[in-house]
Q: 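Here's a structure for you.
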Amino acid sequence: MSGAPLFCGDLLAGVIAADPAGRAHAHLESVPAYVLTHNPDFRTALTTHAPEADATLEPVEWQHLAEPAARTHLMSSPAALLQARRQIVPFRGRTTLLADLDTWAQEDGFGARLLYGPGGQGKTRLAQHFADILTAGGWTALWLRADATVDALAGLSAAAVPLMVIIDYAETRTPQLTTLLEAAAQHTTDSAFKVLLLARAAGDWWNDLHAATATAEELLDGTRTIPLPALEPEPDDSRTHAYHQAIHSYAAHLPQVRGWQHHDWPALATRLTTRTPNGLDRPGLDTALTLHMTALADLLDSTTGATADAASVEDRLLVHERRYWTTTATAHHLHPSLTTSTLTDALAAAHLLGADSHGEADTILRHVPALADQTTDRIHAVRRWIAALYPSPTPGRPWGTLQPDRLAEHFIGRHLLHTPALAHHLGPTITERQAIHLLTLYSRAAAHPTLRHLAPHLTFLCTDYASTLAGPALDVATQTEHPQPLIDALHHITDNPTTLPTHLKLLANRLPHTSYNLAPYAEHLTQRLVEHDRTRAHHDSTHLPDLAMSLNNLSVRLGALGRWEEGLEASEEAVEIRRELAQTRPDAFLPKLAGSLNNLFNRLSALGRWEEALAAIREAVDAYRELASARPEIYQSELEQSLEVLSWFEESDG
C-alpha cells in the first residue's frame, strides 16, 4: 500500500505511508497533502513528472461548493485558452487595485466588495490572480458554484482559516447571495470571511440584494462598489509588449489543444512578434480579452494564411471553432448526414437554453426544426457531440458552454441574426430557468456593437411568447446592463388589448419594489390596472377593493418617478375608497385603510404638507391601535412602527 494515493472526493488528501502489520488492513498511516506540498523535493518531482498537475491546496470539506478548476492540459478547442481562470497569459497591471483589495482582505471580520464592468473587461482574471496571491499566503479562495445548496452554504460559517468567497455573475445569483450572507453572519471564529462579487453592472439587483433581508442590509452597509476600467486607456509600447506576451503564451500551450499539435508554434510566434502588427491602437484593444483574442486569432490564422481584413476578432476565432465542430461531428458519424446548418442550430439551442439533465437536453434538441423527425438514437448522438465539444464542469449536466462568454454571445448573436426563427421554435415549452437563461444571453448578445440589429428580434420573441417570457423578462431587466429590448417588449405586452388583466396582475405582483430600470414601466403597467379596475368598479361596486389597491400601488410607482402631485392624488382616492369600505366592514378593510394612510403620509411629507401629513399618520396610529387591541399578535408591530414615525415626526415638527 505504500505510495498509494488517499482521496477525499476528487482531491488528493495524502499518500499512504504504511499498512501496519497485525491490523488486518483496518489501519493505514498516511502523509497529508499539506506536508507533501511543503517538501521542496516533492514539489520538484511533481513539476518534473507531472507539469500539468495542480498543487494548490483546497479544503476537502468544501469541494462540493467549488466551481471546478480550469485545467491547462488536453484542451478541446483553441478558444479554451482564452478562459480567464486558466491564466494562460500571465497577469499584468492593476497594481493599485490589487493593493486596495489586499488591504481590504487583511481587515478583521466580514467584508464584501463588488467589482463590476462589461464582459471582457478582466474581472475574472483579476479575481483569479488575487485569489492566487491569497492562497499563497494561507487563505482559502472558494469560487462558489451556482448550484450550491442552502445546507451546504451553511457549513461555511465554520471556516477556521481566512476565507475568500468569489461569486461570478453575481447579478444573476441574488437568492444564493442572501443565503451566503446568512452563513457569514453565523461565522464566529477570528479568521477573516470575505466575499468578492463579480458582475457586469451594479444596478437594480444590487439594491435588491441590500433590501433582501435584515442580515444582508447590515452586512452590506457601506460595501464599496468598484467599476473596473479598461486596462490600458492609451496605446503605447506596453500594449505591444502585452500582445507579444500573449502570442508566446498561446504558442506554448497550443500543442496541448487537440488537433493543433502539429504546427511549429514557436516559429510562428517568432514570425508574428518580429514585426509590430497593424491596428494595435484601434478602439477596443484597451481590454485584456480583446488583445488576447487578437493574439490567438493571429496565431491560428498564420497556419492557414487567412487575413484579418473583413471580420471582427470574434468572427475570426469562430471560423476555427466551426472547423472544430465539423471535425468532431465527423468523428461522431453525424456529418455529413446532418448538415452543418442543422448541427449549428443544435449547438445554438443548447447554448440558448442550457440543460440540467439528459432528458431536458433531448427535449431541447427535438425542438430544433431539422432534428424534429430524427430517431432517439440520433438525438442522443447529437447530445453526445455537444458534450464532447464542451464538456460540463458540473457532474450530471449534459454539456457545458463555449468560453469565454463574449465569444459565446457573439456566436449566438450572429446565428440568431441569420435564423431568428430558431428561438421561436424553442419558446413554446420553455421552463422558467431556461427562459431566464435565454433572455440573459440574448440581451447580452444584442448589446454588442456589431449585433444591435438583434434588439427588435428579442422584443418580438418576448411579445410572441408573453405567457412564458414576460415574467422572466422582468427579472432579467433588473440584472442586465442593457434592458431596453426587454422593456420594449413589456410595454407591447401591456398595451396589447388581447393581454388578459389576470396576466397583467401577475406581472404587477412580480415587479420589484424598487427598480431604476423598470420604474417607468411599473408606473405604466399600474396605470393600466387602475383603468381596468375603475371600469369594473363602475359597473360593480364589489370591485372597489381592487381599485383601491391599484390606486395605492400607483401612488407608490409615481412617487418612485418623483411625480409627487399625481402620486398624492392616487393615494387620496385610495384612502377615500378604503375609508368608506372600513365603515361597513372594519374587520376586512381597516387594516387596508391603515396601510393607505401610511402611504398618504409619505406622499404629503414629500410635498412638504406637514399638517395634513401629521393628520394622516395620527389616523393610521388610531387604526392600528384599534386593530392591535383585538389582534396584538398581528398588529402590535405595525402599531409600534407607526407610533415611532409619529413620534419622530412630531419632534421634527416641533
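Note: hydrogens, waters and symmetry copies are ignored here, and every other heavy atom, side chains too, is used.
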Q: In terms of ring plane angle, is the pair W260 and H263 parallel, tilted or perpendicular, where the classes change at 30° and 60°?
A: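 Plane angle between 30° and 60°, so tilted.
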Q: P78 and V257: which non-hydrogen atoms are nearest, and at how many Å?
A: N-CG1, 3.7 Å
Q: Quick one: which residue pairs count as a ring-ring contact (aromatic ring centres under 6.0 Å, His included) with a foot in residues 420-450, not counting sequence neighbours?
A: H424-Y465
Q: With no hydrogens and no angle check, do the side chains of Y521 and S515 hold a donor and an acceptor under 3.5 Å apart?
A: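 Side-chain D/A pair, Y521 to S515: absent.
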Q: For L144 versus E67, what's the shortest heavy-atom pair and its separation?
A: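 L144 and E67 have their closest heavy atoms at O-OE2, 3.5 Å.
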Q: More than 12 non-hydrogen atoms from neighbouring residues, nucleotides or ligands closer than 6.0 Å to CZ on F91, yes or no?
A: yes
Q: Contact between P391 and W399 at the side-chain level, heavy atoms closer than 4.5 Å - yes or no?
A: no
Q: Kindly indicate, with the supporting measurements, whether the criterion side-chain hydrogen bond (donor to acceptor under 3.5 Å, both in side chains) is fulfilled by D475 and Q479.
A: CA-CA 7 Å; D475 296 345; Q479 300 168 358; over 6 Å; no
Q: Can T514 and N207 be said to form a side-chain hydrogen bond (donor to acceptor under 3.5 Å, both in side chains), step by step?
A: CA-CA 8 Å; T514 59; N207 297 326; 5.9 Å; no
Q: Going through the distances and angles, do L209 and L220 end up as a side chain to side chain contact (heavy atoms under 4.5 Å, CB included)?
A: CA-CA 9 Å; L209 179 61; L220 296 178; 3.7 Å; yes
Q: What's the shortest heavy-atom distance between L426 and L353, and which atoms?
A: CB-CD1, 4.1 Å
Q: Can you measure from CZ (R444) to CG (L458) and round to the nearest 0.5 angstrom?
A: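 The CG atom of L458 is 13.0 Å from CZ of R444, to the nearest 0.5 Å.
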Q: For T450 and R414, work out which heavy atoms get closest and say how close.
A: O-NH1, 4.1 Å
Q: Under a 3.5 Å distance rule, please check whether Q176 uses its side chain to pair with a backbone N or O of A146 as donor and acceptor.
A: yes
Q: Taking only Lys NZ, Arg NE, NH1 and NH2, and the carboxylate oxygens of Asp or Glu, determine whether K123 and E171 approach each other closer than 4.0 Å.
A: no
Q: Under the 3.5 angstrom rule, does the side chain of R510 hit a backbone N or O of G471 as a donor-acceptor pair?
A: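 At least one qualifying donor-acceptor pair exists.
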Q: Salt bridge between D298 and R316, side-chain N to carboxylate O under 4.0 Å?
A: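 Looking at R316 together with D298, the answer is yes, because their closest N to O distance falls below 4.0 Å.
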Q: Under a 3.5 Å cutoff, is there a donor and acceptor pairing between the side chains of D315 and S312?
A: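 The criterion, which ignores hydrogens and geometry beyond distance, is satisfied for S312 and D315.
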Q: Any luck finding a side-chain donor-acceptor pair between S77 and E321 under 3.5 Å?
A: yes
Q: For L114 and A199, work out which heavy atoms get closest and say how close.
A: CD1-CB, 4.0 Å
Q: Rounded to the nearest 0.5 Å, what's the gap from CG on L490 to CG on L507? Could you check?
A: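 With rounding to 0.5 Å, CG (L490) is 7.0 Å from CG (L507).
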Q: To the nearest 0.5 Å, tell me how far T498 OG1 sits from N496 CG.
A: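 Here the interatomic distance stands at 3.0 Å.
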Q: Looking only at the side chains, is there a donor atom on one of T327 and T330 sitting less than 3.5 Å from an acceptor on the other?
A: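 No.
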Q: State, without any angle test, whether T344 and S341 hold a side-chain donor-acceptor pair at a distance under 3.5 Å.
A: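 T344 vs S341: no donor-acceptor pair found between side chains.
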